[in-house]
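A quick write-up on the structure given underneath.
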Amino acid sequence: MTDKRPFPLPTGYFAIPLGLSALSLAWLHMGDTLSFSRNVSDIIGITAVSVWALFILLYIYKMIYFSHEVRDEYCCPIRFSFIALIPITTMLSGDVLYRWFPLIGEGLIWIGTIGQLLFASVRISALWKDGTFEEKSTLPPFYLPSVATNFTSASSLALLGYHDLGYLFLGAGMIAWIIYEPVLFQRLRVLQIEPQFRPTMGIILAPAFVGSSAYLSLNGGEIDLFVKLLWGYGFLQMFFLIRLFPWISEKGLNIGFWAFSFGLASLANGAVSFVHHNVLSGLANGAFIFANLMMSGLVLMTLGKIFKGQFWLK
């Protein structure tokens, strides 16, 4: 018999290890720029992988004892996208672990890459028939199974040395982003987005910065015209989101605001390459500091929710 109580861990909470893992990689890429950068990266990385492992175990429990919720989420035209966070965080955890345990790290990267392809092939392709893709499906979470997954695969495969294969995933994510974004923005222009889904607009910050970070992983960190173009568009999106933040946070801050974390952490990651190549160094240093301050705010907000007993879904 399945338990009818709501499971305390929404799948969207996987955004927490997502953001922390990406931030750990940003500090790792600092190299010798700061003497303590490796220590900071290790602390954040261990925390990220620990949270990811805990959430994976809880999700397995959910699949066994709350299978009805898993089915409902999979069939939901909006919430199904959050399931893509599981292979994304698996790849990023592999990226973090690769420095200490290369075999485990590589294994997780391949599991995540193959897993996201299988999920997208089954779930996204189903939206191409029978009118199952609804207007309310066109919300920011849809970036996750078609864009974020492929960008993450690209950067993770670059870490393993499979650069040519990584470019294929980069292309898949890039074209999916270009095709979907106009549909999303047209929907946002003409229809109201419900308050509970507004924090997911933080995902809009991610494609440009995550895509540029993936591209930098593949091209050896070279700051070329394409990277600058992506950064320019990313900052434009950031300015729009800052302008809308009072409206987005109308119902107060909650764990959903970790939707901003992947974009922020990838901004920090890209900033490191700009600094290393002495390109727009002032802007890059400011972006790195800003991203870390915002990520620190998310961590503090989350700790506050935990201490107040407001973290788990009731």
Side-chain angles (χ1 to χ4, degrees), residues 18 21-22 24-26 28-29 31 81 84-99 102-103 105-125 142-182 203-234 237 262-263 265-277 279 284:
L18 168 69
S21 296
S24 171
L25 296 173
L28 179 65
H29 295 155
S81 294
L85 289 170
I86 296 175
I88 293 173
T89 53
T90 299
M91 287 183 279
L92 287 171
S93 295
D95 292 348
V96 172
L97 288 172
Y98 190 78
R99 73 189 76 167
L103 290 178
E106 182 170 358
L108 289 176
I109 289 171
W110 285 114
I111 290 172
T113 298
I114 296 171
Q116 68 95 350
L117 278 176
L118 290 175
F119 175 70
S121 298
V122 174
R123 190 63 182 90
I124 299 297
S125 63
F142 196 74
Y143 282 123
L144 296 174
S146 53
V147 181
T149 50
N150 288 303
F151 283 163
T152 307
S153 292
S155 59
S156 295
L157 290 171
L159 177 65
L160 300 182
Y162 297 98
H163 292 79
D164 290 335
L165 185 59
Y167 274 113
L168 299 185
F169 284 95
L170 179 68
M174 192 69 63
I175 301 301
W177 171 33
I178 292 172
I179 290 174
Y180 177 64
E181 186 138 319
I203 300 174
I204 296 173
L205 182 65
F209 291 126
V210 177
S212 63
S213 181
Y215 177 66
L216 287 167
S217 298
L218 291 165
N219 77 350
E222 179 183 355
I223 304 298
D224 58 16
L225 175 62
F226 186 56
V227 176
K228 295 174 187 176
L229 293 177
L230 288 176
W231 252 47
Y233 186 66
Q237 299 296 75
F262 203 11
S266 296
L267 169 62
N269 199 0
V272 173
S273 293
F274 275 81
V275 172
H276 284 169
H277 288 80
V279 178

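Computed from a prediction, not measured in an experiment: that's the story for all the values here. Starting from 1, each residue takes its place in the sequence as its number.
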Below 4.5 Å, heavy atoms only, C-beta onward: do Phe209 and Phe262 meet side chain to side chain? no
To the closest 0.5 Å, what do you measure between NE2 (His276) and CD (Glu222)? 15.5 Å
Aromatic plane relationship, Tyr167 with Tyr215 - under 30° parallel, 30 to 60° tilted, over 60° perpendicular: perpendicular
Does a side-chain heavy-atom distance below 4.5 Å link Lys228 with Ile223? yes
Over all heavy atoms of both residues, which pair between Ala84 and Thr149 is shortest? Give the atoms and the distance, please. CB-CG2, 3.9 Å
Does the separation of the ring centres of Tyr162 and Trp110 fall below 6.0 angstrom? yes
Calculate, to the nearest 0.5 Å, the distance between atoms OG and CD1 belonging to Ser153 and Ile88 respectively. 8.5 Å
Taking atom OH of Tyr98 and atom CG of Leu25, what is their separation to the nearest 0.5 Å? 13.5 Å
Shortest non-hydrogen contact from Thr90 to Ile86? OG1-O, 2.7 Å
CG/Leu144 to CG/Leu18 distance, rounded to the nearest 0.5 angstrom? 8.0 Å
Measuring from atom CG of Asn150 to atom CE of Met174, what distance do you get when rounded to the nearest 0.5 angstrom? 10.5 Å
Decide ring pair (Phe, Tyr, Trp, His ring centres under 6.0 Å) for Phe169 and Phe151; before the verdict, give the C-alpha distance in whole Å, the side-chain angles of both, and the deciding distance to 0.1 Å. CA-CA 6 Å; Phe169 284 95; Phe151 283 163; over 10 Å; no
Looking only at heavy atoms, which two atoms of Ala208 and Leu230 are closest? And how far apart? CB-O, 3.4 Å
Locate the shortest heavy-atom distance separating Ile124 from Pro145; write the atom from each residue and the value. CD1-CG, 3.9 Å
Quick check for you: to the nearest 0.5 Å, what is the distance between Ser217 atom OG and Asn269 atom CG? 6.5 Å
Contact check, side chains of Thr113 and Met91, non-hydrogen atoms, under 4.5 Å: yes
Non-hydrogen side-chain atoms of Tyr143 and Ile204 separated by less than 4.5 Å: yes
Write down the atom of Val227, the atom of Asp224, and the distance for their closest heavy-atom approach. N-OD1, 3.1 Å
Correct closest heavy-atom pair for Val210 and Ser266 would be CG2-OG, 3.2 Å
Can you tell if the side chain of Arg99 reaches within under 4.5 Å of the side chain of Ser24, non-hydrogen atoms only? yes
